[in-house]
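All residue numbers in this chain count up from 1 along the given sequence. Keep in mind it's a predicted model, so treat the numbers as computed, not measured.
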Amino acid sequence: LRQVTIDQFATAGGRSRDRWHPLSPVYGARKSRVWPGKPILRASDRLFQSLTGSNQDSIVEIEARSFTWGTATPYARYHQRGTARIPQRKILVVTKADRRQITALVRAHLANQGQVSGYGV
């Protein structure tokens, strides 16, 4: 999921074939003054770091039968879903290929756990 997110940011949504809307001219001009050279959704990097590294907003909870991954960055949902004033810029898009890869990783992990526990899989 981290790599999927890194790729989504690197391609400004192009990874999922749903490229992000460009910035409005007014905000784009302000952003280039305040955060020169920073791409879309990367002004402070708070959101990006919460999903690809580790910061106060990172959510990673691994339990015996579940896994939770995401961000507590308060504005993430507005970009993911869009609003009347903010165009939708999907931060996370899990494709069919991603689902297959995640499923394969989970199966491999479960098989490994079965062998470690003494159950021949």
Would you check if [X] and [Y] make a side-chain contact, meaning some heavy-atom pair closer than 4.5 Å?
X     : Y     : result
Ile6  : Val4  : no
Leu23 : Lys31 : yes
Thr68 : Ile59 : yes
Ser24 : Arg30 : no
Ile86 : Thr83 : yes
Asp18 : Val93 : no
Leu41 : Trp20 : yes
Leu92 : Val94 : yes

Is a donor on one side and an acceptor on the other found under 3.5 Å between the side chain of [X] and the backbone of [Y]?
X      : Y      : result
Arg107 : Ile102 : no
Ser58  : Ser50  : yes
Arg81  : Gln88  : no
Ser66  : Glu63  : no

Within a 6.0 Å radius of atom CD on Gln101, are there more than 12 heavy atoms belonging to other residues, nucleotides or ligands? no

Does a sphere of radius 6.0 Å around OH in Tyr78 hold more than 12 heavy atoms from other residues, nucleotides or ligands, not counting ones at 6.0 Å or beyond? no

Straight-line distance of Phe48 CZ to Asn55 CG, nearest 0.5 Å: 11.5 Å

Pairwise distance CH2(Trp69) to CG(Leu1) - rounded to 0.5 angstrom: 5.0 Å

Is a side-chain donor-acceptor pair under 3.5 Å present for Ser16 with Gln8? yes

Show me, pair by pair, the donor-acceptor contacts under 3.5 angstrom made by side chains of residues 32-39, not counting sequence neighbours?
{"from": "Ser32", "atom 1": "OG", "to": "Gly28", "atom 2": "O", "distance (Å)": "3.4"}
{"from": "Ser32", "atom 1": "OG", "to": "Ala29", "atom 2": "O", "distance (Å)": "2.9"}
{"from": "Arg33", "atom 1": "NH1", "to": "Ala29", "atom 2": "O", "distance (Å)": "3.4"}
{"from": "Lys38", "atom 1": "NZ", "to": "Arg42", "atom 2": "O", "distance (Å)": "3.4"}
{"from": "Lys38", "atom 1": "NZ", "to": "Asp45", "atom 2": "OD2", "distance (Å)": "2.9"}

Within residues 82-98 or reaching into it, pairs that qualify as salt bridge (Lys or Arg N to Asp or Glu O under 4.0 Å) - sequence neighbours excluded: Arg15-Asp98

Nearest heavy-atom pair of [X] and [Y]: which atoms, and what distance?
X     : Y     : answer
Phe9  : Ile91 : CE1-CG2, 3.6 Å
His21 : Pro87 : CD2-CB, 3.4 Å
Thr71 : Ala76 : CG2-CB, 3.7 Å

For the pair Arg19 and Ile40, evaluate side-chain contact (heavy atoms from CB on, under 4.5 Å) and give the outcome as yes or no after the intermediate values. CA-CA 11 Å; Arg19 295 208 46 95; Ile40 295 176; over 6 Å; no

Side chain to side chain donor-acceptor pair (under 3.5 Å) between Thr73 and Asp57: does it pass, once the steps are laid out? CA-CA 5 Å; Thr73 306; Asp57 294 330; 3.1 Å; yes

Please say yes or no: joined through hydrophobic side-chain contacts below 4.5 Å, possibly via intermediate residues, are Leu105 and Ile62 part of one cluster? no

